[in-house]
Amino acid sequence: GGRGTLSVLVRPYGEGMKLVLSQDITERERAETMRRDFVANVSHEIRTPLTVLAGFIETLANLPLTEVERKRVLALMSQQTQRMQTLVSDLLTLAQLEGSPRPPSDRWVPVSRLMRTVEGDALTLSQGRHELRFRTEGEAMIAGAEAELLSALGNLVTNAVRYTQEGGCIDVRWTVRPDGSGEFSVKDTGIGIAKEHLPRLTERFYRVDGSRSRETGGTGLGLSIVKHVVQRHGGELDIHSEPGKGSEFRIIFPALRVQRVEPVASSSVP
Ligand code: ADP
């Protein structure tokens with residue numbers, strides 16, 4: 001988000017106490033507004049599936065349905081329930097990320113293991129509807145929390161599947177760069193994102209197309225989870241996209257968090 005709009009204004013002139021104080025108050029107001037917006041958003045996101053569910057319960061209770069109709073209503077109810085489950089689970093993930101200490105810098109997670117897990121998930125999600133490519137260029141380990149790293153990568157790959165039409169291509173790649181840093185790239189040939197949306201993309205509940213996101217099971221929280229995880233690992237999230245062509249999301253980890261694994265010394269690979 002555009003944190004510090006005011007501090008940008010204040011810092012160049014910021015000698016007086018008054019300016020510092022007003023910056024402080026404005027930031028507190030901003031935080032309060034954000035909290036209120038967040039609660040309003042959560043309430044809205046929960047109310048919608050609940051309203052739908054209430055309607056279906058009424059239907060089941062009051063209408064004489066055939067067995068086929070009854071099964072259909074139950075399937076739709078299960079879909080709405082799942083939607084709320086995903087929402088609650090994403091909210092919990094965010095809360096945990098905010099409340100827990102930074103991930104360890106001395107626990108090493110092998111990239112190959114992350115890739116294998118994410119590849120399995122992608123195959124399940126895509127159901128053969130996309131061409132999937134997974135490549136590891138340079139075996140390495142990343143210092144951090146495995147569950148968090150998986151959740152970040154998983155969210156990017158889920159989005160790639162969600163926003164890419166049938167027959168499209170999804171390319172997931174790990175590369176070690178010459179300066180010792182490393183990056184994951186998740187690239188798709190999907191619908192793409194117009195430039196004006198890019199700055200707000202990682203905000204909670206921000207969606208380019210709300211109905212498409214909801215229809216495909218999106219909560220609008222995925223990229224804010226990704227951003228959190230990346231920041232906690234001292235990394236950077238880089239987004240490039242072109243409407244109608246596709247998107248590329250890159251997670252870049254600093255050299256300190258990346259350790260190359262020599263292919264021969266296989267005994268040191270966990
Ligand atoms: P959602 O659960 O809606 O996918 P995210 O936070 O993961 O929420 O993403 C926010 C929005 O960014 C999405 O609603 C979608 O509009 C857009 N988006 C994310 N990833 C992609 C992608 N790979 N291609 C096109 N649009 C994307």
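All ligand and atom numbering here is 1-based and tracks the order in the structure.
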**Message:** We want to know whether Glu98 and His228 form a side-chain donor-acceptor pair, criterion being a heavy-atom distance below 3.5 angstrom.
**Reply:** yes
**Asked** Under 4.0 Å from any heavy atom of Arg162, which atoms of ligand 1 are there?
**Response** 1 (P), 2 (O), 4 (O)
**Request:** Using distance alone, decide if ligand 1 has a nitrogen or oxygen within less than 3.5 Å of any nitrogen or oxygen in Val208.
**Result:** yes
**Message:** Give me the residue, atom name and distance of the protein heavy atom closest to atom 19 (C) of ligand 1.
**Reply:** Asn159 ND2, 3.6 Å
**Message:** What I'd like to find out is whether the side chain of Leu132 reaches to under 4.5 Å of the side chain of Ser126, using heavy atoms alone.
**Reply:** yes
**Complete:** Short version for Arg212: what comes under 4.0 Å of ligand 1, heavy atoms counted, is neither
**Request:** Could you see which bit of Ile193 sits under 4.0 Å from ligand 1, with heavy atoms only: side chain, backbone, both or neither?
**Result:** side chain
**Complete:** protein heavy-atom neighbour closest to atom 23 (N) of ligand 1 works out as Asp188 OD2, 2.8 Å
**Asked** Hey, are Asn41 and Ser43 close enough side-chain-wise for a donor-acceptor pair under 3.5 Å?
**Response** no
**Prompt:** Does the side chain of Asp188 reach to within under 4.5 Å of the side chain of Glu248, using non-hydrogen atoms?
**Reply:** no
**Message:** Quick check: Phe249 and ligand 1, any N/O pair under 3.5 Å apart?
**Reply:** no
**Any donor-acceptor N or O pair under 3.5 Å, side chains Arg214, Thr219** = no
**Request:** Check salt bridge (charged side-chain N to carboxylate O under 4.0 Å, His left out) between Arg102 and all other residues, then give those that pass, not counting sequence neighbours.
**Result:** none
**Within 45° cone and under 6.0 Å: Arg212 NZ/CZ vs Tyr163 ring** = no
**Prompt:** ligand 1 and Gly218, any nitrogen or oxygen pair closer than 3.5 angstrom?
**Reply:** no
**Asked** How does Thr158 reach ligand 1, by side chain, by backbone, by both or by neither, if only non-hydrogen atoms under 4.0 Å count?
**Response** neither
**Message:** Can you report which non-hydrogen protein atom sits closest to atom 3 (O) of ligand 1, along with the distance?
**Reply:** Ser213 OG, 2.5 Å
**Nearest protein heavy atom with distance in Å, relative to atom 5 (P) of ligand 1** = Leu223 N, 3.6 Å
**Asked** Which residue and non-hydrogen atom of the protein lie closest to atom 12 (O) of ligand 1, and at what distance in Å?
**Response** Leu201 CD1, 3.5 Å
**Message:** Measuring from non-hydrogen atoms of Gly220 to any atom of ligand 1, is the shortest distance under 4.0 Å?
**Reply:** yes
**Asked** Tracing side-chain links under 4.5 Å among I, L, V, M, F, W and Y, which residues wind up in one group with Met34?
**Response** none
**Asked** Any side-chain heavy atom of Glu67 within less than 4.5 Å of one from Glu69?
**Response** no
**Asked** Do ligand 1 and Ser224 have nitrogen or oxygen atoms that lie under 3.5 Å from each other?
**Response** no
**Partner of Met115 by side-chain contact (heavy atoms from CB on, under 4.5 Å), out of Val118, Thr117, Val111** = Val111
**Request:** Can you figure out which of Phe205, Tyr206, Tyr163 has its heavy atom closest to atom 13 (C) of ligand 1?
**Result:** Tyr163
